[in-house]
Protein chains: 2
Amino acid sequence: MIPRAAKTQRRTRIQEEKEEKILEAALDIFSAHGFRGATIDQIAEAAGMSKPNLLYYFRTKEAIHRALLDRMLFTWLEPLRAFDSEGNPETEIRSYIRRKLEMSRDYPRESRLFANEIIQGAQHIEDGLKGPLKELVDEKAEVIRAWIKAGKIAKCDPYHLIFSIWSTTQHYADFDVQVQAVLGDKSGEGRFEDAARFLEELFLRGLGIR
Amino acid sequence: MIPRAAKTQRRTRIQEEKEEKILEAALDIFSAHGFRGATIDQIAEAAGMSKPNLLYYFRTKEAIHRALLDRMLFTWLEPLRAFDSEGNPETEIRSYIRRKLEMSRDYPRESRLFANEIIQGAQHIEDGLKGPLKELVDEKAEVIRAWIKAGKIAKCDPYHLIFSIWSTTQHYADFDVQVQAVLGDKSGEGRFEDAARFLEELFLRGLGIR
DNA sequence: GTAAGCTTTTACCAATCGGTCAAATATCAA
DNA sequence: TTGATATTTGACCGATTGGTAAAAGCTTAC
């Protein structure tokens, strides 16, 4: 009995499969109830295994949560990482909005997991925010500032610009229930395109690009 | 022993005081942990009374939560209600942004309570969303559409415009930890003014108003 | 002051929580 | 085939959960 990642490496195929299944189930549960609201029993049932079996792969509830958040923060930042300082403002901003919006559409559970964590104080991820996230944002804010200086986009606070792109795009994942309640249940795919067009127009015009 | 709101009206002064104290404490706890993550014991302790004493005023945990949400939804919608169809687009949109931003600054707990509820599926408030909220939004969307037809603002989807104002302004309450992590802990009041200026510029230019 | 009603507390409950343990079972290299 | 190791299970634990019962203490109208 050598549990999770102890001796040599990630060993058996079965270990990898089960861990994946647990994380998949945990994403469902944590994103729907937050950390404290989720229970190991729920996750175990959703993963189709007994609770002790689940705890054989992850020692604690927190360990599952942490594994999920680590993986999350990386993919969450990917669109911003792709933000290219060499590109021109219009295409860069436009595609950043697109990518973030696609993430809301394709990975709403991940977005909600993250939102739950932040809203409830980010106690399990605070270091990740003050470290990698802040550094990356600082770097990209500098790019935006350069564009402003070069007269390529209107003068504005780059940090608040980034915040506003985050919030508007994530809104469609995190507040989906509200969006659906207001718009009605019609138009699934159409909704995405509508939102994309609206946000592109808003930000490009708002930045004086056209 | 005639408990909460049974016979005549809201009776004793003490009843009113205690209920207020409970709701105040519950707002702290629910907004920080979500419904399932919050415990009656926590709320009772924060309210400075024993758990049975608290349950004398609110029969169940859900009753407290519901009371809080009812009160919330009303005040949450107030800025949108103030949105005047007779006013001119620039001042109306500008002051709507201001008001929403002030709410994020002055009532962050209420905003987070609401956000928690929506993200976790809005199971306790769904009727409120599909009823009063949707009606009010539909009404104001019509106003915006009229402005577009009159050529007063650029053509855009009014619903997504409202969503984007909601999300950008509420972001400063709901994701405050993240905002602080990125901006550093400096500048409390300055931050609010910076955000207000940025958002006003973004939306007014984005709507072709200037 | 006193009785009726309002408020608070102590003690308690069954259910659920996160987590452990030892034994049983499945897997796989030799 | 076998023995070593990896996986799974059922039974269980103490702590905490939402909530109750009943009696004691407090207010207040009369």
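Naming convention: chains lettered A, B, ... in sequence-line order (proteins, then strands); numbering from 1 in each chain.
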Exercise. Kindly indicate, with the supporting measurements, whether the criterion side-chain contact (heavy atoms from CB on, under 4.5 Å) is fulfilled by Ile40(B) and Leu54(B).
Key: CA-CA 8 Å; Ile40(B) 300 184; Leu54(B) 181 151; 4.0 Å; yes
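Residue Ser50(B) is classed as a base contact, given a heavy-atom separation below 4.0 Å to a base. Nucleic acid contact class of Ala38(B) (heavy atoms, under 4.0 Å, all strands): sugar-phosphate only. At a threshold of 4.0 angstrom between heavy atoms, the contacts of Lys51(A) include nucleobase atoms, whether or not backbone atoms are also involved.
Distance, Ile43(A) CD1 to dG18(C) P: 8 Å, rounded to whole Å. The nearest whole Å value for the distance from the NE2 atom in His65(A) to the C1' atom in dG18(C) is 15 Å. Between Leu54(A) atom CG and dT7(D) atom C1' the separation is 13 Å, expressed in whole Å. Phe58(A) places its CZ atom 19 Å from the C1' atom of dT20(C), with the value rounded to the nearest Å. Residue Ile40(A) contributes atom CD1, which lies 5 Å from atom P of dG18(C) at whole-angstrom precision. Gln42(A) has its CD atom 17 Å from the C1' atom of dG19(C), to the nearest Å. A straight line from NZ of Lys61(A) to P of dT20(C) spans 14 Å, rounded to a whole angstrom. Rounded to an integer number of Å, the gap from Glu17(B) CD to dT27(D) C1' is 14 Å.
Proximity note for Asp41(A) (side chain, C-beta onward) versus dT7(D), dG18(C), dT8(C): the nearest is dG18(C). Distances were taken from every side-chain heavy atom of Pro52(A) (C-beta onward) to each of dT17(D), dC21(C), dT8(D); the shortest belongs to dC21(C). Closest to the side chain of Leu55(A), from the set dG19(C), dT10(C), dT7(C), is dG19(C). Listed nucleotides dC17(C), dT7(C), dT17(D) differ in distance to Tyr57(B); the shortest reach to its side chain belongs to dT7(C). Listed nucleotides dT17(D), dT8(D), dT8(C) differ in distance to Lys18(A); the shortest reach to its side chain belongs to dT8(D).
Dashed line: the shortest gap from a side-chain N or O of Tyr56(A) to OP1 or OP2 of dT9(D) is not under 4.0 Å. For Gln15(A), no side-chain nitrogen or oxygen approaches OP1 or OP2 of dA6(D) to under 4.0 Å. Considering only side-chain N and O atoms, Asn53(B) lies under 4.0 angstrom from the phosphate OP1 or OP2 of dT9(C).
In this structure a side-chain-to-backbone donor-acceptor pair under 3.5 Å is present from Lys134(B) to Val182(A).
Donor-acceptor pairing under 3.5 Å is recorded for the side chains of Asn116(B) and Gln120(A).
Taking the six-membered ring where the residue is Trp, the centroids of Tyr172(A) and His160(B) are separated by under 6.0 Å.
Between His171(B) and Phe163(A), the two ring planes are tilted [angle within 30° to 60°].
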